[in-house]
Amino acid sequence: YVVGLNEEDELSEEVDHRQFGTIFHECMERLYKPYKGRELTKHTLLQMAHDEVGIKNALSYAFAKVFFNIKDEVQRENYQLRLQGEQEINRMVLEKYVQNQLLFDAELAPIKILGLEETVTHVEMVNSGKRTVAIHLGGIIDRRDEIIMDGAPVQRILDYKTSQSKPTGTPTVSGLFDKSQEEMYK
């Protein structure tokens with residue numbers, strides 16, 4: 001997003017790529033939120049990955065919030081998801097993505113969840129000619145956690161990706177603005 005401008009929300013019959021990713025993020029946040037500040041063991045993560053009801057409930061909440069734009073928290077909590085066609089296929093794919101993320105995380109366990117969907121900002125002062133300019137940077141960290149690598153704790157910042165696009169080369173500054181390489185860096 002540039003200068004705080006966000007894409008407009010549209011209500012459609014199909015889950016678009018942006019909603020798909022947001023539903024995944026919302027679902028992962030919902031599943032991990034009870035464990036914020038706590039350590040997740042491999043056993044717990046495997047249980048979560050195989051808890052079909054828990055994953056479906058988290059997805060139902062996420063669809064209610066993101067796709068159906070239900071504002072009331074109680075309604076989202078109790079939302080009974082009924083999808084058909086492409087929406088149901090998207091739900092099934094998202095369910096598999098969530099399960100795969102939990103299984104992947106189980107292999108790295110124990111994991112201590114430090115933060116979820118945190119907004120961060122930073123101001124960097126940059127010299128520009130004869131003046132100093134404040135550059136405001138920011139974003140949302142999907143998840144901060146801590147794992148043990150080579151016997152030592154390591155903090156990580158995770159950015160979940162649900163896109164199928166994969167870069168085929170090393171990005172360059174000029175390449176980012178090259179229309180012929182547009183698909184590469186989606």
Within 6.0 Å of CE in M125, more than 12 heavy atoms from elsewhere: yes
Pairs meeting criterion ring pair (Phe, Tyr, Trp, His ring centres under 6.0 Å) with involvement of residues 100-147, two or more places apart: none
R143 and R156, any side-chain heavy atoms less than 4.5 Å apart: yes
Apart from V133 itself, residues in the same hydrophobic cluster as defined by side-chain heavy atoms under 4.5 Å: V126, I135, L137
Aromatic plane relationship, H25 with Y160 - under 30° parallel, 30 to 60° tilted, over 60° perpendicular: perpendicular
Nearest heavy-atom neighbours spanning L94 and L59: CB-CD2, 3.8 Å
Where N69 and K71 come nearest, the two heavy atoms and their spacing: OD1-NZ, 3.0 Å
Ignoring hydrogens and angles, write down the donor-acceptor pairs under 3.5 Å from the side chains of residues 28-40, residues two or more places apart or on other chains.
residue: R30; atom: NH2; partner: E77; partner atom: OE1; Å: 2.7
residue: R30; atom: NH2; partner: E77; partner atom: OE2; Å: 2.9
residue: Y32; atom: OH; partner: D105; partner atom: OD2; Å: 2.4
residue: R38; atom: NH1; partner: P34; partner atom: O; Å: 3.1

side-chain contact (heavy atoms from CB on, under 4.5 Å) involving D159 - partner list, sequence neighbours excluded: D142, K161
Heavy-atom side-chain proximity of I55 to L102 below 4.5 angstrom: yes
Side chains of M48 and L46 in contact at under 4.5 Å (non-hydrogen atoms): no
Nearest-0.5 Å distance that lies between atom CD in Q87 and atom CZ in F67: 4.0 Å
Minimum heavy-atom distance A62-C27, with the two atoms named: CB-N, 4.0 Å
pair Q99-L103: side-chain heavy atoms closer than 4.5 Å: yes
I157 reachable from F24 in the ILVMFWY side-chain graph, under 4.5 Å edges: no
Hydrophobic cluster membership, M149 vs L45, 4.5 Å side-chain cutoff: yes
Nearest-0.5 Å distance, CD1 of residue I111 to OG1 of residue T44: 11.0 Å
Separation between CG of L108 and CD1 of I148, rounded to the nearest 0.5 Å: 11.5 Å
Gap separating the CG atom of L114 from the CG atom of D145, nearest 0.5 angstrom: 6.5 Å
Contacts of Q47 that satisfy side-chain contact (heavy atoms from CB on, under 4.5 Å) - sequence neighbours left out: H43
Linked, directly or transitively: Y61 and L116 (ILVMFWY side chains, under 4.5 Å): no
Side chain to side chain donor-acceptor pair (under 3.5 Å) involving R91 - partner list, sequence neighbours excluded: E88, E95
Shortest non-hydrogen contact between F20 and Y97, atoms and distance: CE2-CE2, 3.7 Å
In one Ile/Leu/Val/Met/Phe/Trp/Tyr side-chain cluster, 4.5 Å: V154, I113: yes
